[in-house]
Amino acid sequence: MSVTSFNQIRVSSAALRHNYRLLQQKVGSVVSILAMVKADAYGHGMLESAQVFASVGCKNFGVAEIDEAVRLRSSGIRGNILVFLGFRPEEAELFFEYGITPLVYDLQSGAALSREAVKRGQEIIVHLKVDCGMGRLGILPEEVEAFVADLLQFPGIVIGGILSHFPKADEPESQHSFEQFSRFEGAAAKVGKPFSLVKHIANSGAVLYFPHTCCDMVRAGISLYGYYPDGPGGREREQGEKLQPAMSFITRVLQVKTVPAGTGISYGYTYTTDRETRLAVLAVGYEDGLSRSLSNRGEVLIRGKRARIRGRICMNLCIVDISDIEGVQAGDEVVILGHQGNDCISGDEIAGWMNSISYEVLCLFGNNNERTSG
Ligand SMILES: *Cc1c(COP(=O)(O)O)cnc(C)c1O
């Protein structure tokens, strides 16, 4: 008998496939999609999700660190795998051994890659990371020319791509992405002729709201998992076929009981019942990614109806009010995220209660619980 947790993340492969195909339709067939599978595919499982995307034609994958890239490659993923956070000099050999593409934004990593290239008698393709207005990783546009000249002093380095990142592509009304895109194009033009560069800057927001920035490749993250980067507003604005959320999160009722008015609930008594109240104790807490900030704010679905979280969320437990829901029993399925009956709680709704974004909700839930795909 296999033993499983009360808490189960279900990932719909059909939704992942739908989202990939929808994005491919949006960007057109000449633009490649790079599937961002960092953070364990935003909580959906890196290896499983990459395999699903590969099955519908994906040939480019993005991760944060080299160890993720090695795991992807070792699991049989083919195509290009880009590592977005750089690497330690002693890890340079891994890019050759596993055929992985590094991003370069300093000369030390160029030197480390070059030493390895010379040792092996090989070349390595790198992508140049430019900071055109994110204020994060990357060389500045005005440094590109000098940086490229220095980088090309190192034997074995081939510049195969140039990229940047938008800070405000999830703001459809903002002019900022237009300005940033022209800085990016200027920077790319300075790399010089001998290279045919793969240019990429668009994230999900840019694909949806600034499609003229798609260039050769787009880096889709949140949209592949079924969410709009600007939250519920994006889903409403969508005129055509919509992205489908792929993740749902299910827990169980452990105990049902009725307490009198005036009963303090959970640590610190941040909630006291104002009437006789029926409560369900659930097998989920902040250890499972149900953020403590949802205490007295969040809702769950039981028997297709909404139940409010009462009192503080504990490490492995929380308590919900089921006074208005008939027939709840220990063992009942409880939906934290997803559909039940005619209702649905989305990652955007939960993010709203937490004062956060769907990205964080998906990572918290997905990366702290057992996952099953279907
Ligand atoms: C995470 C990430 C993306 C994907 O962003 P989404 O908003 O999830 O589409 C694209 N590019 C870079 C550099 C990233 O770090």
Side-chain angles (χ1 to χ4, degrees), residues 15-16 19-20 22-24 26-27 31-44 46 49-50 53 58 60-66 68-69 72 80-87 101-105 126-139 161-172 174 176-177 180-181 184 187 198-211 213-235 238 243 245-247 347-348 351 356-364 366-367:
L16 296 179
N19 297 332
Y20 185 87
L22 194 58
L23 289 174
Q24 189 73 72
K26 278 186 194 292
V27 299
V31 176
S32 313
I33 295 177
L34 177 143
M36 269 295 179
V37 292
K38 63 189 179 192
D40 225 346
Y42 295 40
H44 296 68
M46 176 180 73
S49 304
F53 297 137
C58 187
N60 300 279
F61 301 88
V63 292
E65 301 198 41
I66 180 76
E68 301 167 82
L72 262 185
N80 302 310
I81 303 178
L82 272 64
V83 172
F84 278 79
L85 294 197
F87 58 94
T101 306
L103 264 56
V104 170
Y105 49 83
V126 305
H127 286 211
L128 212 58
K129 178 93 197 238
V130 187
D131 176 9
C132 299
M134 179 75 182
R136 210 169 72 172
L137 268 187
I139 55 170
I162 185 165
L163 70 146
S164 191
H165 192 47
F166 284 123
K168 292 191 178 194
D170 57 341
E171 298 178 22
S174 166
H176 186 270
S177 298
Q180 191 175 340
F181 186 58
F184 177 59
V198 178
K199 288 201 297 177
H200 49 115
I201 184 169
N203 52 6
S204 296
V207 169
L208 296 166
Y209 308 129
F210 302 97
T213 66
C214 286
C215 301
D216 304 307
M217 182 163 82
V218 299
R219 304 186 304 264
I222 198 70
S223 50
L224 285 175
Y225 307 104
Y227 285 88
Y228 293 78
D230 48 339
R235 191 172 300 280
E238 176 68 76
L243 299 165
M247 183 189 291
D348 288 321
S356 182
I357 52 176
S358 63
Y359 298 64
E360 186 182 8
V361 173
L362 299 175
C363 289
L364 279 173
N367 290 334

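Atoms within a ligand are numbered from 1 in the order they appear, just like the ligands themselves. As the structure is a computational prediction, the values presented were derived from the model and not from experiment. Heavy-atom basis, side chains included; hydrogens, waters and symmetry copies ignored.
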Closest protein heavy atom to [atom], given as residue, atom name and distance to 0.1 Å:
atom	answer
atom 11 (N) of ligand 1	Arg219 NE, 2.9 Å
atom 8 (O) of ligand 1	Tyr42 OH, 2.6 Å
atom 9 (O) of ligand 1	Ser204 OG, 2.5 Å
atom 7 (O) of ligand 1	Tyr359 OH, 2.7 Å

Donor-acceptor contact below 3.5 Å, side chain [X] vs main chain [Y]:
X	Y	result
Glu68	Glu65	yes
Asp40	Gly366	no
Tyr42	Leu224	no
Thr213	Phe210	yes

Quick check: [X] and ligand 1, any N/O pair under 3.5 Å apart?
X	answer
Gly221	yes
Ile222	yes
Ser223	no

Aromatic rings Phe53 and Tyr225: how do their planes relate, parallel, tilted or perpendicular, breaks at 30° and 60°? perpendicular
Aromatic plane relationship, His200 with Phe84 - under 30° parallel, 30 to 60° tilted, over 60° perpendicular: perpendicular
Out of Leu137, Ile162, Ile201, which residue meets the side chain to side chain contact (heavy atoms under 4.5 Å, CB included) rule with Val130? Ile162
Give the atom numbers and elements of ligand 1 that come within less than 4.0 Å of a heavy atom of Phe84. 13 (C)
Check whether any side-chain heavy atom of Tyr209 lies under 4.5 Å from a side-chain heavy atom of Ser177, and answer yes or no. no
Please work out which of His200, His165, Lys38 has its closest non-hydrogen atom nearest to atom 15 (O) of ligand 1. Lys38
Return yes when Arg136 approaches ligand 1 closer than 4.0 angstrom through a heavy atom, no otherwise. yes
Check Pro229 against ligand 1 and report side chain, backbone, both or neither, counting heavy atoms closer than 4.0 Å. neither
